[in-house]
Amino acid sequence: MKKVIGILDFIENIIISLCAALLCGIIAIIMYQIFARAVSISTSGTEELARYCYVLFVFLLWPIAANRGQDLRITVCFDLLGRRLRTILMGIFNLFMAGFSVMFCYSIYLNIQNSIKNQTVLPSNVWLQLSLIQMIVLAGLVLTLMANLVRALRLFAGEAQVYTQKEENEREMASEALKIASETKGGDGS
């Protein structure tokens, strides 16, 4: 089981690196657009390319956030609840998000069929088939579906917990204190 988790962590790290590259690409495209407008150069398709990089960024990173329990939530309200109720609500939320992913997967699947049938390309980037972008989004949604189901099962089985913001902060501080302590012990030659 630890070997499988290690492989999944490795894949997640690759996806996170890819998303960082996409984010850098978006920044580069926007900077190019600013420069091109300043010197009156036409930039056909760059805005659309930045938009699709952002779509890929979101749909590739969403499953990782869901699997790690880093979904968005209103912590002010959520932190007032007891641990058990927080866990149940987050499990229900993950099941709800899995259902949403199923509906979205079906919709994007129909769109892919349509795009392939009509040979749809992006309006200003005629070299890029729309179905390729949609297939990556579909893969991200399938991974999100699986991540949400796994997270819900882990929450209901008691293998995962939902921490309050205060508990998260304390865990991070304790982890950093251990890291600093181990670094100082290693630095003293002890």
Side-chain angles (χ1 to χ4, degrees), residues 4-74 89-156 160:
V4 172
I5 291 173
I7 292 170
L8 290 176
D9 284 342
F10 178 73
I11 292 170
E12 283 183 0
N13 289 333
I14 289 173
I15 292 172
I16 290 169
S17 298
L18 176 64
C19 286
L22 283 171
L23 197 56
C24 291
I26 293 167
I27 293 168
I29 291 168
I30 292 170
M31 295 303 292
Y32 171 73
Q33 285 177 325
I34 292 169
F35 171 76
R37 286 181 187 155
V39 294
S40 300
I41 298 174
S42 175
T43 59
S44 175
T46 54
E47 194 170 313
E48 192 172 355
L49 190 58
R51 185 180 315 121
Y52 282 107
C53 284
Y54 179 71
V55 167
L56 295 178
F57 171 80
V58 168
F59 283 99
L60 289 175
L61 215 49
W62 189 11
I64 294 171
N67 186 46
R68 293 183 178 183
Q70 295 174 334
D71 307 286
L72 290 176
R73 61 180 179 253
I74 303 170
L89 286 176
M90 191 53 76
I92 291 170
F93 171 77
N94 284 119
L95 289 176
F96 176 78
M97 291 308 294
F100 172 77
S101 296
V102 168
M103 292 187 317
F104 204 171
C105 282
Y106 179 68
S107 175
I108 199 84
Y109 171 73
L110 294 177
N111 284 326
I112 290 170
Q113 283 184 326
N114 226 2
S115 295
I116 291 172
K117 184 173 95 177
N118 297 323
Q119 293 293 312
T120 308
V121 293
L122 301 177
S124 56
N125 297 315
V126 293
W127 53 271
L128 186 57
Q129 293 285 324
L130 182 59
S131 59
L132 295 175
I133 299 289
Q134 292 169 330
M135 287 179 195
I136 295 171
V137 170
L138 178 62
L141 285 167
V142 169
L143 291 173
T144 302
L145 167 66
M146 293 188 307
N148 276 298
L149 288 175
V150 167
R151 177 87 172 137
L153 290 173
R154 290 185 68 224
L155 285 166
F156 291 136

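Just so we're clear, the structure is a prediction, and the values are computed from it rather than from any experiment.
- Counting heavy atoms from C-beta on, the side chains of Thr120 and Ser131 never come closer than 4.5 Å.
- Between Phe10 atom CZ and Ile15 atom CD1 the span is 11.0 Å, to the nearest 0.5 Å.
- For the pair Gly140 and Pro63, the tightest heavy-atom approach, listed with the atom from each and the gap, is O-CG, 3.4 Å.
- Taken to the nearest 0.5 Å, the CD1 atom of Ile30 stands 9.0 Å off from the CD atom of Glu47.
- Under the 3.5 Å distance criterion, the side-chain polar atoms of Asn114 are left unmatched by any main-chain donor or acceptor of Leu110.
- Residues Tyr52 and Val137 form no side-chain contact, since every pair of their non-hydrogen atoms from C-beta on lies 4.5 Å or further apart.
- Residues Ala50 and Ile26 come closest through the heavy atom pair O-CG1, 3.9 Å.
- Evaluation of the side-chain hydrogen bond (donor to acceptor under 3.5 Å, both in side chains) test over residues 11-29, restricted to residues two or more places apart or in two chains, returns Glu12-Asn67, Glu12-Arg68.
- Here the CG atom belonging to Leu138 is positioned 10.5 Å from the OG atom belonging to Ser107, to the nearest 0.5 angstrom.
- Separating the CG atom in Asn94 from the CG atom in Leu155 is a distance of 6.0 Å, to the nearest 0.5 Å.
- The distance from the CG atom of Leu141 to the CZ atom of Phe100 is 7.5 Å, given to the nearest 0.5 Å.
- For Tyr54, the OH atom is loosely surrounded, since the number of other residues' heavy atoms within 6.0 Å does not exceed 12.
- For the side-chain hydrogen bond (donor to acceptor under 3.5 Å, both in side chains) test, residues two or more places apart in sequence or in another chain that qualify with Ser115 are Gln134.
- Residues Ile29 and Cys53 come closest through the heavy atom pair CD1-SG, 4.5 Å.
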Could you list the donor-acceptor pairs under 3.5 angstrom formed by side chains in residues 32-39, with sequence neighbours left out?
from  : atom 1 : to    : atom 2 : distance (Å)
Gln33 : NE2    : Thr46 : OG1    : 3.0

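- Separating the CG atom in Leu60 from the CG atom in Leu18 is a distance of 6.0 Å, to the nearest 0.5 Å.
- Checking Val150, Thr144, Leu145 one by one against Asn148, the side chain to side chain contact (heavy atoms under 4.5 Å, CB included) holds for a single residue, Thr144.
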